[in-house]
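Worth saying up front: this structure is predicted, and the values here are computed from it rather than measured. Here, residue 1 is the first one in the sequence, and each next residue gets the next number. Just so you know, these numbers use all the heavy atoms, side chains as well, and skip hydrogens, waters and symmetry mates.
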Amino acid sequence: IEAGSLEKVNHIQAMATLKMEFTPGIPQSGVEKFVQDFENILQKYRMTHLRESVDGRERLVKILIRAARPLELQEMLREEV
């Protein structure tokens with residue numbers, strides 16, 4: 001396996017683990033942790049360049065929506081975007 005292929009698999013796996021935690025009563029803390037986890041993944045796998053193009057930004061938004069919790073929030077976000 002080539003190094004680039006392995007890194008791609010690793011960042012896909014990392015994004016798949018990204019989930020917003022539902023924190024009743026203090027939803028802001030769950031959102032802050034979620035955004036920080038997302039940012040950490042972008043930095044670790046050198047994906048920040050995705051912000052520079054429309055296609056890249058659309059891809060990042062889709063990743064964030066898939067990770068949003070609760071599912072009602074995810075559905076609402078899909079309808080809005």
Side-chain angles (χ1 to χ4, degrees):
I1 299 177
E2 294 179 28
S5 297
L6 186 57
E7 187 169 309
K8 183 176 182 178
V9 169
N10 288 339
H11 92 262
I12 291 170
Q13 289 173 338
M15 285 296 186
T17 65
L18 183 67
K19 297 287 181 243
M20 181 183 288
E21 296 177 17
F22 180 65
T23 52
I26 313 171
Q28 184 176 356
S29 65
V31 172
E32 287 174 354
K33 182 181 181 316
F34 172 67
V35 171
Q36 187 60 56
D37 290 347
F38 179 70
E39 187 62 34
N40 290 344
I41 292 169
L42 292 181
Q43 296 289 329
K44 181 177 181 178
Y45 294 101
R46 297 183 213 105
M47 297 171 60
T48 56
H49 69 279
L50 291 173
R51 295 181 177 133
E52 297 170 10
S53 71
V54 172
D55 289 339
R57 288 189 297 269
E58 287 175 355
R59 186 172 162 200
L60 293 175
V61 167
K62 287 178 184 179
I63 291 168
L64 288 169
I65 290 173
R66 274 195 304 266
R69 295 292 180 273
L71 291 178
E72 294 82 5
L73 173 61
Q74 189 180 97
E75 291 169 8
M76 182 186 79
L77 291 170
R78 282 196 174 122
E79 289 174 12
E80 293 296 320
V81 175

(request) Supply the atom-to-atom distance Ile41 CD1 to Leu60 CG, rounded to the nearest 0.5 angstrom. (result) 11.0 Å

(request) With sequence neighbours excluded, tell me which residues meet side chain to side chain donor-acceptor pair (under 3.5 Å) with Arg78. (result) Gln74

(message) If the condition is side-chain contact (heavy atoms from CB on, under 4.5 Å), which residues does Gln36 pass it with, not counting sequence neighbours?
(response) Glu39, Asn40

(request) For Glu52, check side chain to side chain donor-acceptor pair (under 3.5 Å) against everything at least two apart and list the hits. (result) none

(message) Test of understanding: with side chain to side chain donor-acceptor pair (under 3.5 Å), list the residues that count as partners of Lys33, not counting sequence neighbours.
(response) Asp37

(request) Please indicate whether Ile26 has more than 12 foreign heavy atoms, meaning atoms of other residues, nucleotides or ligands, lying under 6.0 Å from its CD1. (result) no

(message) Out of the candidates Glu58, Arg59, Arg57, only one should pair with Leu50 under the side chain to side chain contact (heavy atoms under 4.5 Å, CB included) rule; please name it.
(response) Arg59

(request) Under the side chain to side chain donor-acceptor pair (under 3.5 Å) rule, collect the residues that match up with Glu32, sequence neighbours excluded. (result) Gln28

(request) Examine Val81 and Leu18 and state if one hydrophobic cluster contains both, with Ile, Leu, Val, Met, Phe, Trp and Tyr joined whenever side-chain heavy atoms are less than 4.5 Å apart. (result) yes

(request) Check Phe38 against Met15 and note the closest heavy-atom contact, atom names and distance. (result) CE1-CE, 3.8 Å

(request) Using the test side-chain contact (heavy atoms from CB on, under 4.5 Å), find all partners of Leu77 that sit at least two apart in sequence or belong to another chain. (result) Ile65, Ala68, Leu73

(message) Same cluster or not: Leu71 versus Val61, using hydrophobic residues (I, L, V, M, F, W, Y) connected whenever any side-chain heavy atoms lie under 4.5 Å apart?
(response) no

(request) Return yes when atom NZ of Lys62 has more than 12 non-hydrogen atoms of other residues, nucleotides or ligands closer than 6.0 Å, and no otherwise. (result) no

(request) Before giving the answer on side-chain contact (heavy atoms from CB on, under 4.5 Å), spell out for Met76 and Glu72 the whole-Å C-alpha distance, their side-chain angles and the decisive distance to 0.1 Å. (result) CA-CA 6 Å; Met76 182 186 79; Glu72 294 82 5; over 6 Å; no

(request) Can you see which heavy atom on His11 is nearest to which on Tyr45, and at what distance? (result) CB-CG, 3.4 Å

